[in-house]
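The structure appears right after this line, and notes come after that.
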Amino acid sequence: MKLDILVLAVHPDDAELGCSGTILKHIAEGKKVGIVDFTRGELGTRGTAEIRDREAADSAKILGLHARENLKFRDGFFKNDEVHQLEIIRMIRKYQPGIVLTNALHDRHPDHARAGDLANDTCFLSGLSKISTQLDGNEQKAWRPNLMLQYIQDSYIRPDIIIDITPYIETKIASIKAFRTQFFNPDEDGPETYISSPDFFESVIGRAREFGKSIGTTYAEGFTSRKLLGVDSLFNLL
């Protein structure tokens, strides 16, 4: 299946927190969108890898994703090396996305920036025909996405582009809440963590409001780009 947008996320729930409104918006426009999670989030204080698998599947249904896979890299200990790059190259060549969205350039969690660098390097390498990869016994063709953006996570980063997600905010919230063990849920037992507090969840909504206010709408998501972004006409910026 060819995807229009492929989201590369180091932890299940990263995509939901960072760009699920944008995912929903483009699916509503008829685009095909999928997520590849790098790890199962097994180092998370609350829940287990198996529970996170089920939560990710529940969220995928809420979002209406066309595909979701997990590469089962070691949470906290994956590396930006050949072994990991080749696994992601297989996914990029499998889905042939025009756009890749991935983790923040820097953030509170060290996995996020490392995953962002890994995705950036891999998107380039995936376009090199002399790098050989196979899928289901068949040689894959080289493929390089046209655009890669990083969604903004816990730490504030000034965005290079902001997307209005106002009509999709309630579904975005539902997709996050699908991770019942991770975020504020009075029905779940477990030790309180940084992300399980009510304040953290409110900060996610507050960030969306902040970005929305900056472009004259109610809710929005922000993205950064490592390269300059261009448009065909100034009127496309209105």
(message) Any donor-acceptor pair under 3.5 Å linking the side-chain atoms of Ser196 with those of Gln182?
(response)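 On atom types as modelled, these side chains do not qualify, holding no pair under 3.5 Å.
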(request) State, without any angle test, whether Thr217 and Thr166 hold a side-chain donor-acceptor pair at a distance under 3.5 Å. (result)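 A pair is found: one side chain offers a donor N or O, the other an acceptor, under 3.5 Å apart.
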(message) Under the rule for ring pair (Phe, Tyr, Trp, His ring centres under 6.0 Å), what residues qualify as partners of Phe124, not counting sequence neighbours?
(response)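 Phe124: no ring pair (Phe, Tyr, Trp, His ring centres under 6.0 Å) contacts found.
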Could you check if a side-chain atom of [X] sits within less than 4.5 angstrom of a side-chain atom of [Y], using non-hydrogen atoms only?
{"X": "Leu147", "Y": "Val100", "value": "no"}
{"X": "Leu6", "Y": "Ile99", "value": "no"}
{"X": "Met1", "Y": "Leu3", "value": "yes"}
{"X": "Ile165", "Y": "Thr22", "value": "yes"}
{"X": "Glu87", "Y": "Met91", "value": "no"}
{"X": "Leu101", "Y": "Gln150", "value": "no"}
{"X": "Tyr95", "Y": "Lys32", "value": "no"}

I'd like to know if [X] pairs up with [Y] as an ion pair, taking the criterion as any Lys NZ or Arg NE/NH1/NH2 lying under 4.0 Å from an Asp or Glu carboxylate oxygen.
{"X": "Glu221", "Y": "Lys172", "value": "yes"}
{"X": "Arg180", "Y": "Asp58", "value": "yes"}
{"X": "Asp117", "Y": "Arg114", "value": "no"}
{"X": "Asp136", "Y": "Arg90", "value": "no"}
{"X": "Asp75", "Y": "Arg40", "value": "no"}
{"X": "Glu69", "Y": "Lys94", "value": "yes"}

[X] side chain to [Y] main-chain N or O, any donor-acceptor pair under 3.5 Å?
{"X": "Asp121", "Y": "Asn80", "answer": "no"}
{"X": "Asp107", "Y": "Asp154", "answer": "yes"}
{"X": "Thr102", "Y": "Leu8", "answer": "yes"}
{"X": "Arg207", "Y": "Gln153", "answer": "yes"}
{"X": "Arg52", "Y": "Glu42", "answer": "no"}
{"X": "His66", "Y": "Val33", "answer": "yes"}
{"X": "Arg68", "Y": "Ala56", "answer": "yes"}
{"X": "Ser214", "Y": "Phe211", "answer": "yes"}
{"X": "Lys2", "Y": "Gln96", "answer": "yes"}
{"X": "Glu192", "Y": "Ser197", "answer": "no"}

Point-to-point distance, once rounded to the nearest 0.5 Å, from [atom1] of [X] to [atom2] of [Y]:
{"X": "Asp14", "Y": "Ile35", "atom1": "CG", "atom2": "CD1", "result": "10.0 Å"}
{"X": "Glu16", "Y": "Ser175", "atom1": "CD", "atom2": "OG", "result": "5.0 Å"}
{"X": "Ile88", "Y": "Thr133", "atom1": "CD1", "atom2": "OG1", "result": "12.5 Å"}

(request) Using the six-membered ring wherever Trp is involved, compare the ring planes of Phe73 and His84 and label them parallel, tilted or perpendicular (cut-offs 30° and 60°). (result)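 Ring orientation of Phe73 relative to His84: perpendicular.
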I'd like to know whether the aromatic ring centres of [X] and [Y] sit less than 6.0 Å apart in this structure.
{"X": "Phe200", "Y": "Phe184", "answer": "no"}
{"X": "His11", "Y": "His109", "answer": "yes"}
{"X": "Phe223", "Y": "Tyr151", "answer": "no"}

Cation over ring face, [X] and [Y], 6.0 Å, 45°:
{"X": "Arg108", "Y": "Tyr194", "answer": "yes"}
{"X": "Lys213", "Y": "Tyr219", "answer": "no"}
{"X": "Arg74", "Y": "Phe78", "answer": "no"}

Enumerate donor-acceptor pairs with a distance under 3.5 Å from any side-chain N or O in residues 231-238 to protein atoms, sequence neighbours excluded.
residue: Ser233; atom: OG; partner: Phe235; partner atom: N; Å: 3.1

(request) Under the side-chain contact (heavy atoms from CB on, under 4.5 Å) rule, what do Thr39 and Lys72 come out as? Steps first, then yes or no, please. (result) CA-CA 5 Å; Thr39 78; Lys72 298 181 180 178; over 6 Å; no
(request) Take Val7 and Val36, measure what side-chain contact (heavy atoms from CB on, under 4.5 Å) needs, and give me the verdict at the end. (result) CA-CA 6 Å; Val7 183; Val36 171; over 6 Å; no
(message) Taking atom NZ as the centre, does Lys61 end up with more than 12 heavy-atom neighbours from other residues, nucleotides or ligands that are less than 6.0 angstrom away?
(response)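 No, the 6.0 Å shell around NZ holds no more than 12 heavy atoms from other groups.
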